[in-house]
Amino acid sequence: MFALVDCNNFYVSCERVFNPALEGKKVVILSNNDGCIIARSEEVKPFVPMGAPVHQHLKMLQAQNVQVYSANFSLYGDMSRRVMGTLKRFTTKCEIYSVDEAFLQLEQTTQLKTELSQVQQCVKQWTGIPVSIGAAPTKALAKVANKIAKKFVPRTHGVYLIDNEEKRVKALRWMDIGAVWGVGRNLTRKLKELGVYDAYTFTQLSDAFIRKKFSVVMLRLKYELMGKSVLSLEALRYKKSITVTRSFEGTQKHYAYLEERITTFTVKASEKLRRQQSLCCTLYIFIRTNRFNTSQKQYARSMYVSLPFATDSSFALVIAS
DNA sequence: TCTGGGGTCCTAGGACCC
DNA sequence: TCTGGGGTCCTAGGACCC
């Protein structure tokens, strides 16, 4: 069985740990430059979409008396490590999937639900972060179970298992196709055109049809939703690419400024590289104008720099950049 | 006026080889 | 007038995720 442990409103929860007065209050967290809303407390979700530009919702935020915070990523990273560290005390079979999610691989026993409730309580007690847990025979189904755990908290208390055929079918019939893991906007549109509106209907399409109309990725998804596990736990993951990018505050017109920023980003990237004890042999540098500015001509340039030897040296990388 | 940042994987098509 | 077939590797672009 796979269990997906997902931190509730992670960034907001982190802020609440250090400022308990925010508990029960409406809170949003903003991206770099305070441009977008990247996290919302439960109370805010109904009226502010994820990723929304702040300036379009300022009045609403004020009217609803929402507490607005700039992101503190180093704090969130630290809290994430604490949560993951706690999970790893329960099992070594743990895949850190993102800053606020982890898959655990566990034996299917009659005690599983009780054990997962204990995990949930332990994480809350040790880190202050509330989590929801969904468990099922495959990763994709664990994702579905997690959605249910979160959606029906009064009944599930944040823990839900899909551990028999009846629950699996019921869950898939309930699940909107667009909410399934791996089905984004474009695939949703395509599937709905074919009359597929829920996850269960998707699993009724033939393998050949899925392979022909979509890709091997979607075929794997079908197997996963059918309860046949094809995605395994990836406990150790080294990043294959490391990125440092920023949007600038306003329009920049001086070459020297760009040069300084690129140097800074390159140094940051090489620090990340050394932290995971890797070397790199290619550098990619790109720049582009504000893509939301429709009144002026857009500009975008990029280039790859192949290094003569693999390195993690800030110096070598900055010279190359 | 103001719109984030960091990742993964797959596929089609071109270049090249025998 | 006729112009193969099969393979690999690389890259850009597109899809997705949180």
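In this text the structure is predicted, and so the values were computed from the model without any measurement. Every chain is numbered from 1, with letters handed out A, B, ... down the list of sequences.
Atom CG of A:L219 is separated from atom C1' of B:dC10 by 14 Å (rounded to the nearest Å). Summarising the geometry, the separation between NZ on A:K240 and C1' on B:dC9 is reported as 8 Å, rounded to the nearest angstrom. Between the C1' atom of C:dC16 and the CD atom of A:E224 lies a distance of 15 Å, rounded to the nearest Å. In this structure, CG of A:N146 is placed 13 Å from C1' of C:dC18, rounded to the nearest angstrom. Atom pair A:Y238:OH and B:dT8:P shows a separation of 14 Å (rounding to whole Å applied). In this structure, CD of A:E234 is placed 15 Å from C1' of C:dC18, rounded to the nearest angstrom. Remark: C1' of C:dT11 and OH of A:Y284 are 11 Å apart, rounded to the nearest angstrom. Across the protein-nucleic acid pair, A:L221 atom CG and B:dC10 atom P stand 13 Å apart, rounded to whole Å.
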Interface polar pairs with nucleotides 2-6 of chain B, N/O, under 3.5 angstrom:
{"unit_1": "B:dG4", "atom_1": "O4'", "unit_2": "A:S31", "atom_2": "OG", "d": "2.9"}
{"unit_1": "B:dG5", "atom_1": "OP1", "unit_2": "A:S247", "atom_2": "N", "d": "3.1"}
{"unit_1": "B:dG5", "atom_1": "OP2", "unit_2": "A:S247", "atom_2": "N", "d": "3.0"}
{"unit_1": "B:dG5", "atom_1": "OP2", "unit_2": "A:S247", "atom_2": "OG", "d": "3.0"}
{"unit_1": "B:dG5", "atom_1": "O3'", "unit_2": "A:R246", "atom_2": "NH1", "d": "3.3"}
{"unit_1": "B:dG6", "atom_1": "OP1", "unit_2": "A:R246", "atom_2": "NH1", "d": "3.1"}
{"unit_1": "B:dG6", "atom_1": "OP2", "unit_2": "A:T245", "atom_2": "N", "d": "2.4"}
{"unit_1": "B:dG6", "atom_1": "OP2", "unit_2": "A:T245", "atom_2": "O", "d": "3.2"}
{"unit_1": "B:dG6", "atom_1": "OP2", "unit_2": "A:T245", "atom_2": "OG1", "d": "2.6"}
{"unit_1": "B:dG6", "atom_1": "O5'", "unit_2": "A:T243", "atom_2": "O", "d": "3.4"}

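Comparing C:dC18 with B:dC2, their C1' atoms sit 25 Å apart, to the nearest whole Å.
Within the nucleic acid shown, A:V183 comes within 4.0 Å of sugar-phosphate atoms alone, with no base atom in reach, counting heavy atoms only. In this structure, A:R189 reaches neither bases nor backbone, as no heavy-atom distance under 4.0 Å exists between it and the strands shown. Nucleic acid contact for A:L30: none, since no nucleic acid atom lies under 4.0 Å from a heavy atom of the residue.
Summarising the geometry of A:T188 relative to A:V183, their closest heavy-atom pair is OG1-CG1, 3.5 Å, with the distance given to 0.1 Å.
Distance from the side chain of A:N186 is smallest for C:dC16 among the nucleotides C:dC16, C:dC18, B:dC10. Here the side chain of A:K143 is nearest to one of B:dT11, C:dC16, C:dC17, namely C:dC17. Comparing C:dA12, C:dC16, C:dC18 against the side chain of A:Y304 picks out C:dA12 as the nearest.
A:K26 and A:Q64 share a side-chain donor-acceptor pair at under 3.5 Å. Side-chain contact check for A:S70 and A:D34: at least one donor-acceptor pair (N or O, by modelled atom type) lies under 3.5 Å. No donor-acceptor contact under 3.5 angstrom links the side chains of A:T109 and A:E107, judged on distance only.
Between A:N9 and the options A:E43, A:K45, A:R40, a side chain to side chain donor-acceptor pair (under 3.5 Å) holds for only A:K45. Only one option out of A:Y160, A:Y197, A:F152 pairs with A:W174 in a ring pair (Phe, Tyr, Trp, His ring centres under 6.0 Å); it is A:F152.
B:dC18 is paired with C:dG5 under the criterion used here, namely a Watson-Crick or G-U wobble arrangement in which both key atom distances are under 3.5 Å.
Look at A:R211 and you'll find a side-chain N or O under 4.0 angstrom from OP1 or OP2 of B:dT11. Side-chain N/O atoms of A:R220 include one lying less than 4.0 angstrom from OP1 or OP2 on B:dC10.
Note that A:K139 lies in the cation-pi zone of A:F103, set by a 6.0 Å cut-off to the ring centre and a 45° limit from the axis.
Between the CZ atom of A:R211 and the CZ atom of A:R220 there is a distance of 9.5 Å, given to the nearest 0.5 Å.
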